[in-house]
Amino acid sequence: MNARILRAALAAAAVGCLPPTAFAGCVIAPGGKSINVITDNGSSAEKNCSVTCQVDTKIGVVQIGCGGNAPPRAKAHSLCDFHKPELWYKKVISAVDSCKGEAASAAPAPIAAAAPAVKPGTFICRIAADGKSFDAMIANPYKADASCQVNCQIATTNAGTTLQSSCTKSVAPGVGAVVLCTQTFDKGKLVRVVGGSGSCTNPEVPAQDADKDDDDDAEALANDPAKMLERMRKQLPPDAQRMLDKMNKQ
C-alpha cells in the first residue's frame, strides 16, 4: 500500500515538473537552442492561423512569428520553428494567436500591454490562407531608413520540396512590420515555415566606416610622398599627366 502511494506521489511530482506543452503559442526546447511556434484549431475545417510571440533572447526581447494553415481539430500544430547553435531563447513573454483571438502573457497585464522595443532580426515569413503565397516581412529598428533583408524557407505539399526566397528593400523607421516581397507558389501548397533569417543594416555605420577609411588613407598618403604624387597624378587630365611626367624626368 505504501509502495503504491509512493509511486503515485512520484508520478504526480514528475508531471508537475514537465514543461507545458505550449505557452502563448511558443515552446522553447530544453537547452534554449530552438523555439517552436504552434497553434490549435478547434474547428472541423482547415483554418489559417498566425502567431506572434515576444521572446526574451540572448540579444534582448525580439518578436518571433509566422502563419499557415492548421488542419481540422489540430492540437499544438507547428507553424514554424527556429534553431540556433547555442543557448539563445530564454523565456516567452507574451503572444497573440489569431485563431484564439487573444493575447497570452507570463507577466501582469499592465506589463504585458507595454510593447517591447523592436530588435534587429525581427522578421516574419507569413503564409497566405490559401497556401499559394507568402509574405517576407520585417520591422526597421533604427531611426532612419534602412536596407533590410529577409530570407524564408517554406516546406510545401510536394515531398522533399522547400521554397526559398530572399528579398531586400529599404524600410522606413517606425512603421512596424513591412512586406519586403511576396512569393507565389503554384505547384502545390505552402504548409510550414522551416527556416529563415532577417536583418536591417544600421544606416549610421557605413558613414562612420567611410570616414574612418578616408582618415586611414590620408594618413597613409602623408607618410608616403610617392603614393601621394601618384594619387594627385591620377586626378589630372591626360595632358597635365604627360606634362607632370616630363617634368619629373628632367
Side-chain angles (χ1 to χ4, degrees), residues 18-42 46-100 103-106 116 118-129 131 133-139 149-167 177 180 183 185 188-199:
L18 290 174
T21 57
F23 170 73
C26 291
V27 179
I28 298 175
K33 294 183 179 181
S34 63
I35 187 169
N36 194 10
V37 181
I38 63 175
T39 189
D40 296 338
N41 178 12
E46 186 177 65
K47 193 173 182 181
N48 185 261
C49 304
S50 63
V51 176
T52 302
C53 301
Q54 303 294 344
V55 182
D56 185 16
T57 72
K58 183 178 179 180
I59 62 172
V61 177
V62 302
Q63 179 175 290
I64 296 173
C66 57
N69 291 334
R73 305 298 182 187
K75 294 290 185 181
H77 174 72
S78 177
L79 295 175
C80 62
D81 49 44
F82 302 95
H83 305 273
K84 295 289 184 180
E86 58 185 318
L87 192 158
W88 193 268
Y89 305 102
K90 299 178 180 178
K91 182 177 67 173
V92 178
I93 297 175
S94 65
V96 175
D97 187 335
S98 67
C99 284
K100 295 180 180 178
S105 173
V118 178
K119 299 288 185 179
T122 301
F123 71 97
I124 300 173
C125 299
R126 183 179 65 187
I127 300 174
S133 65
F134 73 89
D135 296 330
M137 306 173 66
I138 196 167
Q149 182 179 35
V150 171
N151 306 301
C152 296
Q153 293 90 45
I154 314 289
T156 76
T157 51
N158 298 333
T161 302
T162 300
L163 179 64
Q164 301 191 44
S165 177
S166 178
C167 49
L180 298 190
Q183 182 78 31
F185 184 71
K189 276 191 174 185
L190 303 170
V191 294
R192 183 167 172 260
V193 179
V194 294
S197 61
S199 63

Does Phe185 reach the side chain of Ile154, with side-chain heavy atoms less than 4.5 Å apart? no
Would you name the heavy atoms of Ala76 and Asp40 that are closest together and state the gap between them? N-OD1, 2.6 Å
In chain order, what residues pass the side-chain contact (heavy atoms from CB on, under 4.5 Å) check against Ser165, with sequence neighbours excluded? Phe134, Cys181, Gln183
Nearest heavy-atom neighbours spanning Cys49 and Leu79: O-CD1, 3.9 Å
Please check this pair: side chain of Asp97 against backbone of Cys99, looking for a donor-acceptor N/O pair closer than 3.5 Å. yes
Can you name the nearest heavy-atom pair linking Gly198 to Ile138, along with the distance? C-CD1, 3.8 Å
Report yes or no: does Glu46 contribute a side-chain atom to a donor-acceptor pair with the main-chain N or O of Pro71 at less than 3.5 Å? no
Only counting residues at least two apart or in another chain, list the ones meeting salt bridge (Lys or Arg N to Asp or Glu O under 4.0 Å) with Lys75. none
Could you tell me which residues satisfy salt bridge (Lys or Arg N to Asp or Glu O under 4.0 Å) with Asp81, sequence neighbours excluded, listed by chain and number? Arg192
Gap separating the OG atom of Ser34 from the NZ atom of Lys84, nearest 0.5 angstrom: 11.5 Å
Counting only N and O atoms by type, is there a donor-acceptor contact under 3.5 Å from the side chain of Asn69 to the main-chain atoms of Ala129? yes
Look only at the side chain of Asn151 and the backbone of Gly196, and say whether a donor-acceptor pair between them is shorter than 3.5 Å. no
His77 versus Ala70, closest heavy-atom pair with distance: CD2-CA, 3.8 Å
Point-to-point distance, once rounded to the nearest 0.5 Å, from NZ of Lys90 to CD1 of Ile35: 13.5 Å
Is the side chain of Ser50 donor-acceptor paired with the backbone N or O of Ser98 at a distance under 3.5 Å, no angle test? no
Shortest non-hydrogen separation from Val150 to Ala136 and the atoms involved: CG1-CB, 3.7 Å
The complete set of salt bridge (charged side-chain N to carboxylate O under 4.0 Å, His left out) pairs with one or both residues in residues 47-58, sequence neighbours excluded, reads Lys58-Glu86
To the nearest 0.5 Å, atom CD1 of Ile93 lies from atom OG1 of Thr57 at 9.0 Å
If I compare all heavy atoms of Thr157 with all of Val191, which pair ends up nearest, and what's the gap? CG2-CG1, 3.5 Å
Between Cys66 and Cys125, is the SG-SG gap less than 2.5 Å? no
Side-chain heavy-atom pair Phe82, Val55 within 4.5 angstrom cut-off: no
Could you state the interatomic distance from CD (Gln153) to SG (Cys80), rounded to the nearest 0.5 Å? 11.5 Å
Here the gap from Ile64 atom CD1 to Ile28 atom CD1, rounded to the nearest 0.5 Å, amounts to 8.0 Å
I'd like to check the side-chain contact (heavy atoms from CB on, under 4.5 Å) partners of Ser133; sequence neighbours left out, ordered by chain and number. Ala128, Thr182, Thr184
Partners passing side-chain hydrogen bond (donor to acceptor under 3.5 Å, both in side chains) against Gln149 (at least two apart in sequence or in another chain): Ser166
